[in-house]
Number of protein chains: 2
Amino acid sequence: MPPAKIIDNPIRAADNLILVFERQIMDGTLQDGEPLPTEREIVQTYGVSRTVVREAVLALSNKGLVEARPRFRPVVRKPGYDAAIDAVGSVVARLLTVPGGVRNLFDIRIMMEAALARGAALHANRDHIAALKTALEANEAAIDDSQLFFETDIAFHSVLYDVPNNPVLPAIHKGYTGWLSNHWMQMPRQPDRNRKNARAHRAIFEAILLRDPDAAEAALRTHLDAAWSQVRETFNDL
Amino acid sequence: MPPAKIIDNPIRAADNLILVFERQIMDGTLQDGEPLPTEREIVQTYGVSRTVVREAVLALSNKGLVEARPRFRPVVRKPGYDAAIDAVGSVVARLLTVPGGVRNLFDIRIMMEAALARGAALHANRDHIAALKTALEANEAAIDDSQLFFETDIAFHSVLYDVPNNPVLPAIHKGYTGWLSNHWMQMPRQPDRNRKNARAHRAIFEAILLRDPDAAEAALRTHLDAAWSQVRETFNDL
DNA sequence: CGTTATTTTTTGTCATACCAAAAGGCAGAA
DNA sequence: TTCTGCCTTTTGGTATGACAAAAAATAACG
């Protein structure tokens with residue numbers, strides 16, 4: 001056995017730079033929205049080559065700590081739940097391409113949202129109920145407008161994600177809608193389908209009103225299962 | 001809402017390379033476990049500079065499509081749920097450092113696992129029950145062995161993630177344990193705490209046996225809330 | 001003062017070079 | 001032969017310099 005290499009030590013210069021910038025972004029030395037220093041500035045400040053700088057910046061971009069459009073200065077983004085969800089977007093996008101990927105992701109969503117419906121029935125306060133009611137009415141009023149129905153549909157569901165008051169949840173919801181909207185949007189949205197979905201929303205709402213978690217979960221599952229069937233009818237290959 | 005970067009057209013050479021390799025990994029031209037070609041080979045094959053090649057490889061690494069240890073050839077990793085969870089690891093790690101981050105993440109876990117316990121009570125088959133029983137007994141037998149108790153604890157919970165037969169869930173569980181283990185492991189694990197946790201596991205198990213989803217969820221929540229209290233006692237700052 | 005033309009930066013890319021570590025080959029020992 | 005340690009080659013990590021094109025900054029203009 002070769003002398004035990006206890007720790008893989010090969011530290012790359014780029015990794016150090018990454019750590020430096022991560023710290024600076026954390027402690028506010030680099031404010032949110034502020035552009036990163038120019039590459040050449042960084043080169044002079046830290047005494048590394050531009051190669052290393054570019055590598056570090058690219059990595060930061062992949063981590064979602066900076067937003068880098070092709071020919072522009074990278075802009076610092078404070079680490080938040082939204083940014084995190086965005087950063088994992090490309091990873092999830094790939095998962096949707098593997099066989100059964102969409103189904104698996106959608107099942108996770110069903111599971112989470114069922115739990116949320118249950119939680120809403122148990123813990124929704126007056127504001128949440130009011131928000132649900134508003135969203136529901138907007139949704140029902142948009143039955144004949146495909147695009148608007150899509151948006152109000154999302155808005156209704158998003159209220160469920162607000163109830164537990166955990167900032168991770170709205171971020172997750174934004175992720176879901178973004179990732180699945182590709183499959184969602186190109187579906188034909190006939191008014192009768194919209195009507196059916198609006199009715200399902202009302203069923204969920206009423207179960208929450210009645211503080212009946214079992215009914216709320218059941219209604220939510222029925223709704224999303226039906227939605228899945230609609231998706232499946234549209235795309236034969238999933 | 002900035003949903004669409006419809007036209008961000010300045011295509012960088014590295015992006016093309018990334019797409020090429022993504023396709024090759026997808027269609028099997030590059031098999032799982034196989035090393036990527038050497039950087040200089042790629043340079044000659046695609047007629048780009050090494051700068052571009054490095055950038056592309058780094059990006060692939062950040063996306064979790066290849067595993068790149070510092071001085072070694074990057075190895076292709078088939079896109080799967082485990083790889084995806086790994087890829088988002090660094091992002092989540094950062095979330096754990098923001099104020100309340102650990103609490104928020106842990107709450108999400110409680111919510112999911114409560115739903116899983118519920119699902120297990122409703123849908124666990126004979127094999128799942130057997131696996132739970134085995135895991136539970138192993139856990140109870142390890143009360144006096146800190147390390148072993150930790151492992152069997154995880155094993156017990158992981159059965160819950162297997163029940164819905166959705167490959168995303170075990171991956172998520174692996175993520176949870178990895179991300180939270182830092183806080184978890186350095187906790188003092190006295191046998192009395194272990195005993196308490198083991199009792200909680202048994203309560204969950206019995207509720208599942210009785211096919212009582214409400215009891216299963218309640219037991220699970222009690223267990224994880226207690227676990228959180230233990231964490232909180234150890235770390236004053238969260 | 002606002003708009004446009006011009007100059008200066010800055011990014012994206014390429015080419016080349018060097019070093020140290022990994023990989024591979026090779027000869028000698030067991 | 002097989003194993004072992006040494007040596008050469010290959011390869012990744014980094015540095016430097018250069019150049020085109022795009023962005024930012026500045027000057028010129030109406």
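Every chain is numbered from 1 and lettered A, B, ... according to where its sequence line falls, protein lines coming before strand lines.
Rounded to an integer number of Å, the gap from OH of B:Tyr46 to P of C:dT13 is 17 Å. One interatomic measurement links the two molecules: CD of B:Glu67 to C1' of D:dG12, which rounds to 17 Å at whole-angstrom precision. Rounded to a whole Å, the CZ atom of A:Arg54 is 17 Å from the P atom of D:dT16. Put simply, CZ on B:Arg69 is 17 Å from P on D:dT11, counting in whole angstrom units. In this entry the distance linking CD of A:Glu55 with C1' of D:dT14 reads 9 Å, nearest Å. What separates CD of A:Glu39 from P of D:dG17 is a distance of 17 Å, to the nearest Å. Nucleotide C:dA15 holds its P atom 11 Å from the CD atom of B:Gln44, rounded to whole Å.
Along DNA chain D, the nucleotide nearest A:Thr51 and the nucleotide nearest A:Phe72 are compared for position; the residue whose nucleotide lies closer to the 5' end is A:Thr51.
In the displayed structure, B:Asn16 atom CG is contacted under 6.0 Å by more than 12 heavy atoms of other residues, nucleotides or ligands.
OP1 or OP2 of D:dT14 has not a single side-chain nitrogen or oxygen of A:Ser49 nearer than 4.0 Å.
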Only distances under 3.5 Å count here; give the side-chain donor-acceptor pairs of residues 26-37 of chain A to other protein atoms, sequence neighbours excluded, each with its distance to 0.1 Å.
from	atom 1	to	atom 2	distance (Å)
A:Asp27	OD1	A:Thr29	N	2.9
A:Asp27	OD1	A:Thr29	OG1	2.6
A:Gln31	NE2	A:Gly28	O	3.2
A:Asp32	OD1	A:Lys78	N	2.7
A:Glu34	OE1	A:Gln31	N	2.8

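Taking 3.5 Å as the limit, the base of D:dG12 and the side chain of B:Arg40 contain a donor-acceptor pair of atoms between them. Taking only distance into account, the side chain of A:Arg50 never meets the base of D:dG17 through a donor-acceptor pair shorter than 3.5 Å. Within 3.5 Å, no donor on the side chain of A:Arg71 pairs with an acceptor on the base of C:dG12, nor the reverse.
As judged by a 4.0 angstrom heavy-atom cut-off over every strand, A:Arg73 is placed among residues touching the sugar-phosphate backbone only.
Closest approach of B:Tyr81 and A:Val98 over heavy atoms only: OH-CG2, 3.7 Å. Scanning both residues, B:Pro170 and B:Asn166, for their nearest heavy atoms gives CD-O, 3.0 Å. The two atoms that bring B:Arg77 and B:Ala83 nearest to each other are NH2-CA, 3.6 Å, heavy atoms only.
Side-chain atoms of A:His201 and A:Asn197 include no donor-acceptor pair closer than 3.5 Å.
Within a heavy-atom distance below 4.0 Å of DNA chain D, no residue of residues 56-64 of chain B is found.
Residues satisfying the side-chain contact (heavy atoms from CB on, under 4.5 Å) criterion with B:Pro164, sequence neighbours excluded, are B:Leu116, B:Leu169.
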